[in-house]
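Step one of this worksheet: look at the structure below.
Chain letters run A, B, ... following the sequence lines, proteins first, then strands; residues in each count from 1.
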Amino acid sequence: MIANASFARITVRDGQLYGALIDILRQSAPLMLVALGMTLVIATRGIDLSVGAVMAVSGAVALTIIDGSEDPGGFGTIVIAILVAVLVSLVLGAWNGFLVSVLGIQPIIATLVLMLAGRGAALLITGGEITTVVSAPFKSIASGYLLILPVAFFIWVAAVVVVSLIERRTALGMLTEAVGINPEASRLAGVRSRGIIWTAYIASGVLAGVAGIIYSSNTMAADANSAGYLIELYAILAVVLGGTSLMGGKFSIAGTVIGVLTVQTLDSTILFMGVPPAQSPVFFAIVVIFVVLVQSPRVHRWGRSLVESMRTSSASEDDAKKKEVAA
Amino acid sequence: MTAVETQKAPRNTVLGAIDTFVNRHASVLPTAAAAAILVVLLVGANIRFEGRFLTPGNLSALLLNNSFLMVLAVGMTFVIVTSGIDLSVGSVMAFTGIFGASLLSGGVPAFVVIPTMLVSGALIGLLIGVLVQYFNVQPFIASLAGLFLGRGLAYVVSLQSIRVEDPVVLWLQSTRFRLGDWYITPTGIIALLVVIIGALVMQFTRFGRTVYAVGGSESSAQLMGLKVARTKVMVYVISGFCGGLAGLLLTAFSGAGYPRNGIGTELDVIATVVIGGTLLAGGRGYVLGSMIGVFVFATITTIISFMGAEQSWTHIIVGGLLLLFIVVQRAIVARTSRTG
């Protein structure tokens, strides 16, 4: 990334910023939204595997509505399409939350159900085809600019700010962590753990729905098979790289933001270096292993002892020199 | 408390015997529930398809088509019982499959290629295990790195599928040992052997009992002086080895290596293991349960193909039946744990 100067170059064209780094800010929007929801779910010691499928459903709903309307470019159509898509995602999130918090099914299995069924539902909505639409205002969600920066960038910043305010300025964040540490104890202590877990899955569903809208706006095609494909794994990776433990009980939104930008930068860099996209997972694996090793306490110990030994050896050299001088 | 319960249970009746058994073996219940539901599923399907479902040919095919899934499920059971998880199995299977196919097409003899496939699977498992045990990486993330590594390496070997013409590998698939209308292929025998060995190792060896102990409470196992570190690395090596073996079986089954094989298989495998009654929290589970889980999963997919459903409905029905299954299983377990 640093080796190639053109990667970091940002240019101004028609009063808008361009460049690989700006692209990263724009392209990271879907992953950022999904990872934000995933952070909340993971904080309750859960996991949401269905986010990619929810993205596919949401995109399919939005584009099918626009496709079926008489005025695909109209503002009203777009608003209705987005609202319905988000509402459907909310229902899907609530469904996950119901399975986990009311029926007590393990989160990985409960959301696996929707992960499998969701893509089928998206295929059903689009009739098994890739629906393409032409609608300038809808397209501007992903590729438009506001002032000098991409619209998609503003959407994810807004989402991060709203979620941070709700979680950190109210007691909700603390309660979420309490539920993550021990749902039974927090229930006995008077925390409505069921409601909090449910809320986390609903938030995850809604955010995934918005991500699906941005994704479909970017491609302008509802592709039930590839929309949000594997995004759940990348989102979990980003959340964990950001320092949130999969064991629940603590979370960091700032960490997630950094994690997502890391993953997205990595993705762009690998493509930028001319590696075939299919082979990029190898580099991903190497970098993931490197990052987790750097975070590991054992490597920290090795690092410290290495620094110590260098210090002592240079100190003993200094001593030797002093002795020579004294002699 | 126990005294009251034993008084309540009428000891001389069959019900009483079941009651006592349930009290003593609470962890068998989910697996027993899975077996019961499998029977209902099979009988129901047979009635629905007017006796065309429970045929020897169809049931033999069930094992043949899913032998690779069964091998993966055995490895995954070991990992999940230690309260870990292995997301890499699908891509390890794809990598070893395409790697083996490319070696075979390069003229390397099968007796070299097959061990190479198994060892390369085990090596990826070793990498994951070392990351988990010695560098405190969460299993989900370490095996996610394994997933990326396996998938990427599969594409590095080849972007297209490679046909296999080696007689030894094809023999695994094409040979049919017949008994009336029943038949079994060497791939099916390998899968069943893996299940039997896995079950025996889990139940009767020191290593197997350590796997349970680590899943129950790692710190307790440590304090008891069990070899926790070695066990935890070993379960990922076993899972990776099973991935390599599954790669061999799938390559034999499809007659080709293909880098896009097994995308999403890890989740199918986890689903089957959980259906079979293994707790994702660790400490409880049976290899035989996972075998039942694979049969449930396979039966569901076979039923769907019998109904001739479209692609979109296949996903929805699998998801719906999985849910139905888990809810029913949970209800059975919850009821017995209340009354028992």
Side-chain angles (χ1 to χ4, degrees), chain A residues 47 49-50 53 95 99 103-110 112-128 224-225 229-230 232-234 236-237 239-241 245-247 275-293 295-299, chain B residues 85 87-88 91 124 127-128 131-132 134-142 144-157 159 259-260 263-264 266-268 270-271 274-275 279-281 309-327 329-331 334:
Chain A
I47 204 151
L49 294 180
S50 71
W95 164 253
L99 293 183
L103 297 188
I105 297 172
Q106 301 180 51
I108 197 170
I109 295 300
L112 183 63
V113 170
L114 188 54
M115 182 190 183
L116 293 172
R119 279 192 196 279
L123 274 169
L124 213 59
I125 294 168
T126 59
N225 283 317
Y229 174 68
L230 281 187
E232 51 279 342
L233 296 181
Y234 284 98
I236 294 164
L237 181 66
V239 170
V240 172
L241 289 183
S245 162
L246 280 176
M247 298 306 291
V275 176
Q279 293 173 2
S280 70
V282 178
F283 293 84
F284 237 97
I286 293 169
V287 174
V288 169
I289 291 171
F290 177 73
V291 170
V292 293
L293 284 182
Q295 287 181 349
S296 135
R298 180 176 289 254
V299 174
Chain B
I85 202 152
L87 296 179
S88 73
S91 57
I124 296 182
L127 172 74
I128 297 171
L131 282 178
V132 169
Y134 294 103
F135 295 97
N136 280 339
V137 181
Q138 298 177 29
F140 201 98
I141 298 302
L144 193 55
L147 183 156
F148 288 134
L149 187 66
R151 187 62 63 195
L153 286 177
Y155 281 115
V156 169
V157 173
L159 292 170
R260 290 181 66 82
I263 289 180
E266 49 282 340
L267 296 169
D268 294 346
I270 294 168
V274 170
I275 287 174
L279 279 191
L280 281 175
E310 295 172 46
Q311 190 202 358
S312 52
W313 282 105
T314 314
H315 292 289
I316 297 175
I317 295 170
V318 170
L321 285 177
L322 182 62
L323 176 70
L324 182 74
F325 185 87
I326 291 159
V327 171
Q329 189 183 44
R330 223 190 128 65

Review point. Taking Leu144(B), Leu127(B), Asn136(B), Val137(B) one by one, which has the highest count of heavy-atom pairs under 4.5 Å against chain A?
Key: Leu144(B)
Review point. Is it the backbone or the side chain of Ile275(B) that comes under 4.5 Å from a heavy atom of chain A, or both, or neither?
Key: neither
Exercise for review: Considering only heavy atoms and a distance below 4.5 Å, find which of Val274(B), Leu159(B), Leu279(B), Ile141(B) pairs most often with chain A.
Suggested key: Ile141(B)
Exercise for review: Please flag which part of Val156(B) lies under 4.5 Å from any non-hydrogen atom of chain A: side chain, backbone, both or neither.
Suggested key: both
Review point. So among Ile286(A), Val282(A), Ile289(A), Leu237(A), which one has a side-chain contact (heavy atoms from CB on, under 4.5 Å) with Phe148(B)?
Key: Leu237(A)
Exercise for review: Grab the two heavy atoms, one from Tyr155(B) and one from Arg260(B), that are nearest each other, plus how far apart they are.
Suggested key: OH-CG, 2.9 Å
Revision key, fill the gap. Nearest heavy-atom contact between Ser91(B) and Gly146(B) is OG-O, 3.9 Å
Review point. Between Leu131(B) and chain A, which part of the residue has a heavy atom less than 4.5 Å away: side chain, backbone, both or neither?
Key: side chain
Check your understanding: Which pair of non-hydrogen atoms, one from Met115(A) and one from Ser50(A), has the smallest distance, and what is that distance?
Key -> N-CB, 3.9 Å
Point to revise | Side chain, backbone, both or neither of Leu49(A) within contact of chain B (heavy atoms, under 4.5 Å) | key: side chain
Review point. What residue in Phe140(B), Phe135(B), Tyr134(B) has the most heavy-atom pairs under 4.5 Å with chain A?
Key: Phe135(B)
Study note, to complete from the structure: Honestly, the part of Leu114(A) sitting under 4.5 Å from a heavy atom of chain B is neither
Exercise for review: Would you check if the side chain of Thr126(A) reaches a backbone N or O of Ala122(A) as a donor-acceptor pair within less than 3.5 Å?
Suggested key: yes
Review point. Of the listed residues (Ile263(B), Leu147(B), Asp268(B)), which shares the most heavy-atom pairs with chain A below a 4.5 Å separation?
Key: Ile263(B)
Point to revise | Region of Tyr234(A) that comes under 4.5 Å of a non-hydrogen atom in chain B | key: side chain
**Study point:** Distance-minimising heavy-atom pair for Ala285(A) and Ala145(B)
**Key:** CB-O, 3.4 Å
Revision key, fill the gap. Ranking Val288(A), Val113(A), Ile105(A), Ile47(A) by heavy-atom pairs under 4.5 Å to chain B gives rank one to Val113(A)
Check your understanding: With only heavy atoms counted, which part of Gln106(A) is less than 4.5 Å from chain B, the side chain, the backbone, both or neither?
Key -> side chain
Check your understanding: Going from OG on Ser88(B) to CD1 on Ile124(B), what distance comes out if it is rounded to the nearest 0.5 angstrom?
Key -> 7.0 Å
Point to revise | Residues Ile85(B), Ile108(A); criterion side chain to side chain contact (heavy atoms under 4.5 Å, CB included); working and verdict | key: CA-CA 11 Å; Ile85(B) 202 152; Ile108(A) 197 170; 3.7 Å; yes
